[in-house]
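These figures come from a predicted structure and were not determined experimentally. To find a chain, count down the sequence lines: A is the first, B the second, and so on, and within it residues start at 1.
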Number of protein chains: 2
Amino acid sequence: MTDVARSAGVSVATVSKVINGRYGVAAATSERVQEVISRLGYESSLVARSLRSSRTNVIGILVAEFEPFSAEILKGASAAVASTGYDLLAYSGTAHAGSDVGWERRSLSRLSGTLIDGAVIVTPTVVEVRDDVPVVAIDPHEGPTGIATVDADNDAGAVLATEHLIALGHRRIAFLGGRTDLESSRLREEGFRSAMAAAGLPVDPRLVRVGGYRRETADRPAHEILGLPDRPTAVFAANDLMAIATIDAARDVGLRVPQDLSVVGFDDVPEAVAATPPLTTVAQPIQQMGAEAVGLLVRLIAGDDAARAHVRLPTRLVERGSTAPAPGR
Amino acid sequence: MTDVARSAGVSVATVSKVINGRYGVAAATSERVQEVISRLGYESSLVARSLRSSRTNVIGILVAEFEPFSAEILKGASAAVASTGYDLLAYSGTAHAGSDVGWERRSLSRLSGTLIDGAVIVTPTVVEVRDDVPVVAIDPHEGPTGIATVDADNDAGAVLATEHLIALGHRRIAFLGGRTDLESSRLREEGFRSAMAAAGLPVDPRLVRVGGYRRETADRPAHEILGLPDRPTAVFAANDLMAIATIDAARDVGLRVPQDLSVVGFDDVPEAVAATPPLTTVAQPIQQMGAEAVGLLVRLIAGDDAARAHVRLPTRLVERGSTAPAPGR
DNA sequence: ATGAAAGCGCTAACAG
DNA sequence: CTGTTAGCGCTTTCAT
C-alpha cells in the first residue's frame, strides 16, 4: 500500500479511502490511485485489514477435517454464498494441541479476531456461546441451544431405516453408533431403539457398538459384531462411512451383502451410491444444510436476531442394493 | 494476551515467549503463564501473529469455488496434512471484483502476507510466479512451467475414452469441451482428436462445442448438439458435470442413454456413479492429486527445491452404464 | 530472566 | 479534500 501511495503521490490513508470507497476523495485522485493499483496489481492484505477493521466480508466454515460430510456442506455453502458478496474460508484445525477435542473453540478463537465476520461450525462438540461472533452450528453436540442451529431429523430417519429392515423380515438387527458425544448419534440410536420397541423386537446389547463415525474406527466393532456366534442378519450404521466399513468387514468374513447381511447407512454422501453394492441409506439434505446455515449466518451478521433460529430439515430413506429380505424368508 | 499477562503478573512479551517456547523464561514463570492460559482459554490470534511473524503453520488451498473436483482435492489434502502438523485453510474468493478471472492472484495476495506458509492452487488460469510464497498448482492453465505442478494424464485419458466409444461402433462422436483457457481442456480435446484421426474418423466441427466445465454452462451446448439434424450417437464431455448435463439434455429431448446416446465423462467425481445411468468416465486420482500437492508444498516450505517438480498421475477408463454399442449395431 | 518499545499493513479519527 | 497519527494483537530486538 505504501508503494501505491508513493507511486500515486498520495498518502496511504488516501489509498485506503479509495479502496474502501470512503467519501472525501477527489474524483481525479481516486482515479489516479485506482490506475496505480491495477498497474501494480496491488491487493490489500486480508490479514492486516482484518486486524484493524471489524468487517472482512469473509464467512468461515470450521470443520475438524475435510471428509465427505463436511465436503458436501462446503458445496452447499459455496452455492449459497455466491449471491451474497461474501468469500468463503474453510478451516480445518486439528493439527496441533494434541487431542482433537475443542478444535471448534480453538479455530474460532484463532480466526475470529476478526478474520471472519461469522462462522458456520460443522459438527461441533462443545458450542460455547460467544456473542461477539455470529455463529451457526450444523449438527451440534447438544442439540438446539441458544445458538442458531441447522440439523436434520435424525430421529425420524433412524426410525425409517429400522422399520425398513424390520419390514424385510429382519429381527436380529445390530446398531453401529457414531460418537457418543454427538447429539445426532444419540438420536439415531434412540430412533433405532424406539422402532425396535414399537415392533416388539428386543435389542441385544452385544449388537450395539460404537464406531466413531469414521471408516477406520468402525472396522473393529464391525468385525466384532459379525464375529458373534449368533450374528445379526442386518446392521444399521449411524453413518455411511461406517456402513461401508461394515460391508468391507462382511466381505472379509465371507458374508454376502445383501443376501447374508443387510446394511443401512445414514447421510447419503456421494460415496454411498459408489459402494458395492450401492448403499441403502437415510438421506440428509447435506448441501441444503450448508446453504441454510450460510443463509442464517448472513442474516445474523446483518444483525437480524430472528435468524438465531433452529432449522430442522427432513430425512428420507433411499433404498439401494445393500438391503434384502432376511435370509430364509 | 494482555489479559493473560496481567493475570499472570508478567508482560505480554513474556507470554509470547512462553507460547512460542522461546528460551529465556524461568521454569516457574512459564508454568504460571501456562496455567493462566488454560484457565482463561486463551488462543492466540492467527491474524495478529501472522501479521508479525512469517510462519503460521497453515497451508492454504485456493479454489474458485467448492465444487466436486475441488472438494475431492480437499479430502486428499486433508488426509495428507494430518501427519504434518499443518492446519488447512481453504479459500474460495470469487465474491467481489467483478469477473472471476484472476481469482487465484487475488486470493494469493490477500492471504500470503502471510496468513499461510504456502498455497496449493486448484485449476488456476494464470500462475504468476511469485517466489516469496511456495506454491503448487493442480491442473493449471499453462501446463508445467517454472512452478511445482500436479496433474493427471489428460491426453491419454481422452484417448482411452474416445477409443472406447469407437470400439462400441460409434462414428459420429461429439466433444463437449471445458474452458478453452485451461490446459486440461485443451489436452482432452487433443486426445479426442488424435484418437479419432487414428481411427480414420472425421471430426465434424459442429459437434465440437465449449461447455465451460459447469453443469449450467453445459446445458445449452448439449441441447444444441442433440438438436442437430444429424445428431451424434455419442458424446464425450470433458468433465463429469457436463456429461451429467448431457444426460439431462438427452432426457429432455426424449433420447435414452445409453440406447440412443452414449455419454462419457472425465474426472470420476463421486457424482458420476450417482448419475442415472451411472456414468462411464475417465478417472483421475483426484484425492491422490490433493495429497501429492500437499506433500510437494510441505517440502517446498521446508526449503527443498527439488520439490519444485512436476507430478503427473495416470488416468484410467471406468466403464459404467452410460455407454453402449452404437444404435443399429 | 524479564520488560519496554518498535513495528507488521492497514483503517479511522482528527486536523488542516 | 488530504495527510498525520494512533492503534488492532502479536513477536522481536534490546535494555535492564
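Of all the residues in residues 14-30 of chain A, A:S16, A:N20, A:R22 reach under 4.0 Å from DNA chain C with at least one non-hydrogen atom. Of the residues in residues 6-13 of chain B, B:G9, B:V10, B:S11, B:A13 come within less than 4.0 Å of DNA chain C through at least one heavy atom, sorted by number.
Between A:E31 atom CD and D:dC1 atom P the separation is 14 Å, expressed in whole Å. D:dG9 atom C1' lies 15 Å from atom CG of A:L111, rounded to whole Å. The nearest whole Å value for the distance from the CG atom in B:L115 to the C1' atom in D:dC10 is 14 Å.
In this structure, CD on A:Q287 lies 10.0 Å from CG on A:L74, to the nearest 0.5 angstrom. The CD1 atom of B:I73 sits 12.5 Å away from atom OG of B:S78, with the distance rounded to the nearest 0.5 Å. To the nearest 0.5 angstrom, B:D139 atom CG is 12.0 Å from B:S70 atom OG.
Under the 3.5 Å distance criterion, the side-chain polar atoms of A:S7 are left unmatched by any main-chain donor or acceptor of A:D3. With hydrogens and angles ignored, the 3.5 Å screen pairs a side-chain donor or acceptor of A:T56 with a backbone N or O of A:L115.
The environment of A:E31 atom CD is sparse: at most 12 non-hydrogen atoms of other residues, nucleotides or ligands sit within 6.0 angstrom.
Candidate nucleotides D:dG9, C:dT11, C:dG9 were compared by shortest atom distance to the side chain of A:R49, and C:dT11 ranks first. Proximity note for B:L51 (side chain, C-beta onward) versus C:dA12, C:dG9, D:dT11: the nearest is C:dG9.
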Exercise. Please walk me through it: do A:I59 and A:V298 pass side-chain contact (heavy atoms from CB on, under 4.5 Å)?
Worked result: CA-CA 8 Å; A:I59 284 179; A:V298 167; 3.8 Å; yes
For this session: Evaluate the side-chain contact (heavy atoms from CB on, under 4.5 Å) criterion for residues B:I19 and B:Y42: first the C-alpha distance (whole Å), next the side-chain angles of each, then the deciding distance (0.1 Å), finally the verdict.
Result: CA-CA 11 Å; B:I19 289 174; B:Y42 167 81; 3.5 Å; yes
For this session: Take A:R179 and A:T125 through the test side-chain contact (heavy atoms from CB on, under 4.5 Å) and record every step on the way to the result.
Result: CA-CA 10 Å; A:R179 282 168 40 194; A:T125 308; 3.1 Å; yes
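Within the 4.0 angstrom heavy-atom criterion, only backbone atoms of the sugar-phosphate kind lie near B:S44; the bases stay farther away.
Rounded to 10°, the helix from C:dA1-D:dT16 to C:dG16-D:dC1 has 40° between the axis fitted to its first five pairs and the one fitted to its last five.
Remark: the B:R52 side chain and the C:dG7 base include a donor-acceptor N/O pair separated by less than 3.5 Å.
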